[in-house]
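In what follows, a structure is listed as structure tokens, so that the remarks can point back to it.
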Amino acid sequence: MSGNIEETGIRILTEGELISRVVEKHKRFLEEYRKEFEELDSKLSQYEEDAKNARISRTRMAERKEVLKEKRQQYYHQAEGLLEKELFPKLDRVTADKIKEDIKKLKGQIEPEEEQKLKDSFMGNLREIFREKEVGDNILLQTEARLEEASSSNLELKEIKESEKQLEEDDGSKSSEISKNKSQHKWLSTKIKSHEEALSYWEKQKA
């Protein structure tokens, strides 16, 4: 039997050579798995950092939204107060009530584009009233400035809401990636441990 093996050129490996090959195999697998594990570990750390930053951003956005909502209402309140003091005493009840109703519409939860149209129309009507009643332009300019500030606040509110929506979409995508990568991360960790134990065993046999 051994003669036949020698004739075909097949050499039987010694036990030491077999163990060396097994050791090399485990070392090779360990190198591959560790490299992939480190890359995945780095990626997961980045995802977790991004998630943390997104939570901070959402908190800041929520706080900023509250500030803007309050500021917007304050600007309209100031404009209304100014008109009540400087203009309303010169107006009839119906005209004054109409101005109050228009301000109420402006103060509502409306899109910036609609608010701009209402504001332009409101200021156009107000200019006519100011000309008729011969009220100083300074009050008109102050009113317009407050309305501009109010609409700027509403525009920023819309931008924040759009950013929040984008953050939610990104979060959904990242959550899916984190879940998928964590599963692979755990699998690699188990494989590394298994090959480390096997390598340790066979290196002792080699010795």
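Quick caveat, the model's predicted, so the values are computed rather than measured.
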Flag side-chain contact, heavy atom, 4.5 Å: Asp102 against Leu118: no

Ile99 vs Phe122 side-chain heavy atoms within contact, under 4.5 Å: yes

Over 60° means perpendicular and under 30° means parallel, so tell me whether His195 and Tyr33 are parallel, tilted or perpendicular. tilted

Within a strict 4.5 Å, meaning less than it, do heavy atoms of the Thr143 and Leu87 side chains meet? no

In this structure, CG of Leu30 is separated from NZ of Lys35 (nearest 0.5 Å) by 15.0 Å

Neighbour count above 12 (heavy atom, 6.0 Å) for Gln109 CD: no

Validation row: Gln74, Glu149 side chains within 4.5 angstrom (heavy atoms): no

Test item: Arg146 side-chain N/O and Gln142 main-chain N/O as donor-acceptor pair under 3.5 Å: yes

Qualifying salt bridge (Lys or Arg N to Asp or Glu O under 4.0 Å) pairs, either residue in residues 53-74, two or more places apart: Arg58-Asp171, Arg64-Glu156, Lys65-Glu164, Glu66-Lys69, Arg72-Glu115

Kindly write out the residues that satisfy side-chain contact (heavy atoms from CB on, under 4.5 Å) with Tyr201, not counting sequence neighbours, or none if the list is empty. Gln205

Please check if any side-chain donor atom of Gln184 sits under 3.5 Å from a side-chain acceptor atom of Glu36, or the reverse. yes

Do Met123 and Glu148 have side-chain heavy atoms sitting under 4.5 Å apart? no

CD (Glu169) with more than 12 external heavy atoms under 6.0 Å: yes

Between Thr190 and Lys186 (side chain of the first, backbone of the second, donor and acceptor by atom type, cut-off under 3.5 Å), is there such a pair? yes

Do Leu167 and Leu68 sit in one hydrophobic cluster, given that two such residues count as connected whenever their side-chain heavy atoms are within less than 4.5 Å of each other, even indirectly? yes

Looking at Lys191 and Glu32, is there a salt bridge between them, counting it only when a charged N and a carboxylate O are closer than 4.0 Å? no

For Asp170, check side-chain contact (heavy atoms from CB on, under 4.5 Å) against everything at least two apart and list the hits. Gln166

As an exercise, state the distance from CD of Glu111 to NZ of Lys117, rounded to the nearest 0.5 Å. 11.0 Å

Hey, any chance Leu155 and Leu147 share a hydrophobic cluster, counting ILVMFWY side chains that come within less than 4.5 Å of each other, even indirectly? no

Drop me the distance from Glu177's CD to Asp50's CG, to the nearest 0.5 angstrom. 12.0 Å

Are the side chains of Tyr75 and Gln78 in touch, meaning some heavy atoms are under 4.5 Å apart? yes

Indicate yes or no: does Glu80 engage Lys100 in a salt bridge with an N to O separation below 4.0 Å. no

With a cut-off of 6.0 Å (strictly less than), are more than 12 heavy atoms of other residues, nucleotides or ligands near NZ of Lys158? yes

Please check if the number of heavy atoms outside Asp137 that lie under 6.0 Å from its CG is greater than 12. no

Give a yes or no on whether the backbone of Glu38 and the side-chain of Ser42 come within a donor-acceptor separation of less than 3.5 Å. no

Is it the case that one hydrophobic cluster holds both Trp187 and Leu44, taking links as side-chain heavy atoms less than 4.5 Å apart, direct or via other members? no

About how many Å separate NZ of Lys90 and CG of Leu83, when rounded to the nearest 0.5 Å? 12.0 Å

Same apolar cluster (I L V M F W Y, side chains within < 4.5 Å links), Leu126/Leu106: yes

Thinking salt bridges, do Lys165 and Glu168 make one under a 4.0 Å N-O criterion? no

Report the distance from atom CD of Glu17 to atom CD1 of Ile12, rounding to the nearest 0.5 Å. 11.5 Å

Would a 4.5 Å heavy-atom cut-off, applied to side chains only, mark Glu128 and Arg131 as touching? yes

Tell me whether Gln73 contacts the main-chain N or O of Lys107 through its side chain, where contact means a donor paired with an acceptor under 3.5 Å. yes

With a cut-off of 6.0 Å (strictly less than), are more than 12 heavy atoms of other residues, nucleotides or ligands near CD of Glu196? yes

With clusters defined by side-chain heavy atoms of hydrophobic residues (ILVMFWY) lying less than 4.5 Å apart, directly or transitively, does Ile103 cluster with Phe88? yes

Rounded to the nearest 0.5 Å, how far apart are NZ of Lys25 and CG of Leu199? 11.0 Å

